[in-house]
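Read the structure below first, then the notes.
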Amino acid sequence: MKISKPRGTRDFLPEDTKKRRYVENILRQVVKNWGFNEIITPTFENLELFTLKSGEGIVGELYNFTDKGDREMTLRPELTAPVMRMYVNEMQAHQQPLKLFYFENCFRYERPQKGRFREFWQFGVELIGSRRIDADAEVIALATEMLRSVGIKGDLHVNNLGVIRRLLNVLETEHQSKIMRLVDKKDDAGLDDFLKEISAPADLRMKLIELISLTGKDAIARARDLIGDIPEIEDFRELLTMLDAYGVEYTIDFGIARGLDYYTGMVFEIYAEGLGAQNQVCGGGSYQLIKLFGGGDVPSTGFGLGFDRIMEVCEVEVPEDKPIVVIARDNTRLEAVKMAVELRKHMPIYIDLMKRNFKAQFSYANNIGANYVIIIGEQEIEAGKLTLKNMESGDQELLSIEEIIHKLVKNDRKKL
RNA sequence: GCCGGGGUAGGGUAGCGGUUAUCCUGUAGCCCUGUGGAGGCUACGAUUCGAGUUCGAUUCUCGAUCCCGGCCCCA
């Protein structure tokens with residue numbers, strides 16, 4: 001009876017895992033250099049954490065369950081809410097801004113497709129405590145730098161929701177939310193219908209439709225023509241000026257929105273090619289969740305990177321492993337084991353576990369791509385030394401164990 | 001939840017009503033007990049599952065399941 005893995009999950013073979021860890025470490029290094037500290041939150045949380053953030057409708061997409069104490073729980077579908085919960089629970093007295101990052105698996109009960117799995121990994125950053133544009137700019141710049149560091153050319157679209165909110169603030173709050181959802185979905189027909197349905201002023205209707213279509217270089221100027229010189233546009237300009245200073249390329253896009261009310265201003269998305277329908281590799285923005293979770297009026301800004309999508313499109317060269325194989329004769333196996341123990345203090349050593357004959361051990365070394373083998377046979381025991389053979393050149397020499405360690409670790413460190 | 005396209009050894013494939021189910025690769029071993037890569041030989045290993053049609057199904061039909069792509073959703 002063969003058991004298959006659950007739908008939408010994946011096994012990562014050694015080669016896959018090597019690449020994932022390699023890319024992960026590059027990203028980790030970047031965020032550390034930007035001064036962010038890693039945190040870990042539970043794999044499951046109280047269901048309420050996510051319904052509070054995203055509404056009851058979210059439950060259909062969750063891996064939720066009732067535990068043996070009759071508590072409603074769920075595997076986490078994302079990490080922003082847990083991080084905010086953690087902040088409210090135990091970090092409110094920390095020096096601000098708090099610069100946190102995480103790299104964890106998340107779970108969503110969804111139909112799998114290209115770049116979408118039921119268990120997936122998110123690499124995210126949350127900057128808590130600053131409402132300054134500097135924080136927004138740093139977060140965006142960091143996101144682009146992370147993608148750049150793993151060889152992804154992303155297309156960054158950025159917006160300030162304050163502008164559209166200002167335009168809509170004559171409407172009822174509920175109507176505003178509904179409009180934001182329609183804009184987020186890019187459902188232009190639905191938006192038009194809805195505006196008619198609530199009899200929005202013709203002037204507002206015209207301006208809104210035009211505003212959300214504004215993208216590109218002169219979008220700011222046209223937005224100002226459309227709704228006047230409001231502070232939100234000035235903020236947006238300031239953000240863009242900072243992004244210029246960071247050397248970040250962007251596209252202004254008033255059509256980027258979020259369907260949820262806690263987004264406060266800046267929002268951005270980054271797309272990459274080669275991912276089919278799921279081409280967004282990063283999404284972020286500034287938001288106010290801490291108050292919703294019972295904390296103070298503390299602003300945050302952050303983003304999440306879809307790590308699996310990054311793996312699909314990134315083009316990094318993973319350095320090859322260069323294993324070293326200790327080869328012994330039948331009657332020198334125990335000596336070989338002793339030597340291996342010493343050598344393993346310095347380098348990765350493979351030793352025969354299959355009781356292969358001398359020749360077959362060479363063959364094995366060759367097959368796993370060893371660039372050195374260390375031979376321990378009768379001749380070596382007699383000489384009190386070991387034979388080091390370079391598998392590429394075929395050269396071999398009789399050396400002491402210290403000489404071998406010195407040679408391989410000192411001269412060849414990078415290859416190990 | 002919905003719509004397409006798929007599923008034959010570990011990977012890649014051929015067969016499309018009756019085959020010992022093809023070939024390549026892989027893995028293990030031998031040729032070859034102090035020297036690897038080539039070659040030869042041997043072994044291992046598969047029709048996704050369940051119903052139906054049929055004398056007979058890997059092949060046809062239906063259902064399920066999983067994979068791939070898309071819709072919905074995207075916190």
Side-chain angles (χ1 to χ4, degrees), chain A residues 1-11 13 15 45 47 49-62 74 76-84 106-118 120 122 124 180-181 184-187 190 256-263 267 269 275-285 287 289 292 302-304 306 309 325 327-332 353-383 387-396 398:
Chain A
M1 174 76 184
K2 223 180 201 175
I3 312 276
S4 56
K5 62 186 179 304
R7 176 150 212 215
T9 63
R10 290 155 297 160
D11 290 321
L13 275 48
E15 215 173 304
E45 295 269 1
L47 179 66
L49 176 63
F50 300 103
T51 54
L52 191 58
K53 174 171 183 264
S54 308
E56 288 296 330
I58 201 68
V59 177
E61 314 287 295
L62 295 178
T74 184
R76 60 181 169 220
E78 50 109 0
L79 280 140
T80 299
V83 173
M84 292 305 119
C106 300
F107 308 84
R108 294 183 188 178
Y109 196 90
E110 293 183 298
R111 179 79 210 243
Q113 53 182 283
K114 190 173 179 64
R116 175 181 281 185
F117 307 94
R118 289 185 169 183
F120 60 98
Q122 275 202 346
M180 293 304 275
R181 278 198 294 279
D184 184 28
K185 285 190 202 173
K186 309 212 181 299
D187 181 359
I256 303 243
R258 288 289 130 93
L260 293 161
D261 295 335
Y262 50 77
Y263 284 93
V267 289
E269 295 179 353
L275 282 165
Q278 310 297 326
N279 67 339
Q280 190 183 327
V281 290
C282 178
Y287 55 89
L289 271 174
L292 188 63
F303 63 82
R309 294 180 189 176
V325 179
I327 291 180
R329 307 253 308 140
D330 211 23
N331 55 356
T332 59
L353 303 172
M354 302 281 279
K355 202 124 190 357
R356 287 189 170 97
N357 65 35
F358 194 73
K359 194 182 176 75
Q361 291 182 50
F362 269 90
S363 190
Y364 171 77
N366 199 54
N367 289 341
I368 66 168
N371 54 354
Y372 286 101
V373 300
I374 294 168
I375 304 165
I376 303 171
E378 297 94 329
Q379 293 164 18
E380 285 77 14
I381 303 286
E382 215 167 288
T387 297
L388 177 69
K389 173 167 180 164
N390 182 322
M391 291 295 275
E392 273 161 47
S393 65
D395 298 339
Q396 59 185 61
L398 203 58

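In what follows, chains carry the letters A, B, and so on, assigned in the order in which the sequence lines appear, proteins first and then strands, with residues in each chain numbered from 1.
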**Prompt:** Of all the nucleotides listed (B:C66, B:C30, B:U35), which has the minimum atom distance to the side chain of A:K389?
**Reply:** B:U35
**Spacing of the C1' atoms in B:C72 and B:U19 (rounded, Å)** = 47 Å
**Asked** Distance between the P atoms of B:G50 and B:G15, in whole angstroms?
**Response** 25 Å
**Prompt:** Tell me: CG of A:L388 to P of B:U35, nearest whole Å?
**Reply:** 18 Å
**Asked** Who passes side chain to side chain donor-acceptor pair (under 3.5 Å) against A:R258, sequence neighbours left out?
**Response** A:E269
**N/O donor-acceptor pair, side chain A:Q361 with base B:U35, under 3.5 angstrom** = no
**Request:** Please work out if A:G369 contacts a base, only the sugar-phosphate, or nothing of the nucleic acid, heavy-atom cut-off 4.0 Å.
**Result:** nothing
**Message:** Would you measure the distance from the C1' atom in B:C73 across to the matching atom in B:U54 and give it in whole Å?
**Reply:** 46 Å
**Donor-acceptor side-chain pairing of A:T387 and A:Q396 below 3.5 angstrom** = no
**Nearest-Å distance once atom P is located in both B:U42 and B:C23** = 12 Å
**Request:** Round to a whole Å and report the spacing from CZ of A:F362 to P of B:U35.
**Result:** 8 Å
**Message:** A:R76: which residues meet the side chain to side chain donor-acceptor pair (under 3.5 Å) condition with it, sequence neighbours left out?
**Reply:** A:E104, A:N105
**Which atom of A:R181 lies closest to which atom of A:G259, heavy atoms considered** = CG-O, 3.3 Å
**Message:** Is any side-chain heavy atom of A:R7 closer than 4.5 Å to one of A:R111?
**Reply:** yes
**Asked** On a whole-Å scale, what distance lies between the C1' atoms belonging to B:U47 and B:U20?
**Response** 15 Å
**Request:** Can you check each nucleotide of nucleotides 42-50 of chain B against protein heavy atoms at under 4.0 Å and return B for base, S for sugar-phosphate only, - for none, in 5' to 3' order?
**Result:** ---------
**Rounded distance in Å - CG (A:L398) to C1' (B:U35)** = 15 Å
**Asked** Once you round it to whole Å, what is the distance between C1' of B:C67 and NZ of A:K5?
**Response** 8 Å
**Asked** Say you pick atom P in B:U58 and the same atom in B:U8; how far apart are they, in whole Å?
**Response** 15 Å
**Complete:** Per-nucleotide protein contact along nucleotides 69-75 of chain B, 5' to 3', at a 4.0 Å heavy-atom cut-off (B base, S sugar-phosphate only, - neither), is BBBBBBB
**Item:** For RNA chain B, the dot-bracket pattern of Watson-Crick and G-U pairs whose distances stay under 3.5 Å, | for other-strand partners
**Value:** (((((((..(((.....[....)))((((((.......))))))...(((((..]....))))))))))))....
**Min side-chain heavy-atom separation A:K114-A:Q278 under 4.5 Å** = no
**Asked** What is the nucleic acid contact for A:S363, judged by heavy atoms within less than 4.0 Å: base, sugar-phosphate only, or nothing?
**Response** sugar-phosphate
**Asked** Rounded to whole angstroms, how far apart are CG on A:N367 and C1' on B:U25?
**Response** 13 Å
**A:Q379 CD to B:U33 C1', straight-line distance once rounded to whole Å** = 13 Å
**Prompt:** How is A:E380 classified with respect to the nucleic acid when contacts are heavy atoms under 4.0 Å: base, sugar-phosphate, or nothing?
**Reply:** base
**Fill in**
Contacts of A:F362 meeting ring-ring contact (aromatic ring centres under 6.0 Å, His included) (sequence neighbours excluded), chain-then-number -> A:F358
**Item:** Atom-to-atom span, CZ of A:R10 to C1' of B:C68 - whole angstrom
**Value:** 14 Å
**Message:** If I compare all heavy atoms of A:G190 with all of A:D187, which pair ends up nearest, and what's the gap?
**Reply:** N-OD1, 2.9 Å
**Message:** Looking only at side-chain N and O atoms, does A:E78 offer a donor or acceptor that is under 3.5 Å from a partner on A:Q122?
**Reply:** no
**Message:** Mind checking if A:I327 touches a base, just sugar-phosphate, or nothing, with heavy atoms under 4.0 Å?
**Reply:** nothing
**Request:** Find out whether A:N390 and A:Y372 are in side-chain contact, i.e. whether some heavy atom of one side chain is under 4.5 Å from a heavy atom of the other.
**Result:** yes
**Request:** Considering only atom C1', compute the distance from B:A46 to B:C24 and round it to an integer number of Å.
**Result:** 15 Å
**Request:** For B:C66 versus B:A28, give the span between their C1' atoms, rounded off to a whole number of Å.
**Result:** 31 Å
**Request:** Indicate yes or no: at least one non-hydrogen side-chain atom of A:R309 is less than 4.5 angstrom from one of A:F120.
**Result:** no
**A:K355 NZ - B:G29 P separation (whole Å)** = 13 Å
**Asked** Any side-chain heavy atom of A:Y287 within less than 4.5 Å of one from A:T80?
**Response** yes
**Request:** Would you mind reporting whether A:E380 and A:I375 have side-chain heavy atoms less than 4.5 Å apart?
**Result:** yes
**Request:** Mind checking A:G394 for me? I need base, sugar-phosphate or nothing, with any heavy atom below 4.0 Å counting as a touch.
**Result:** base
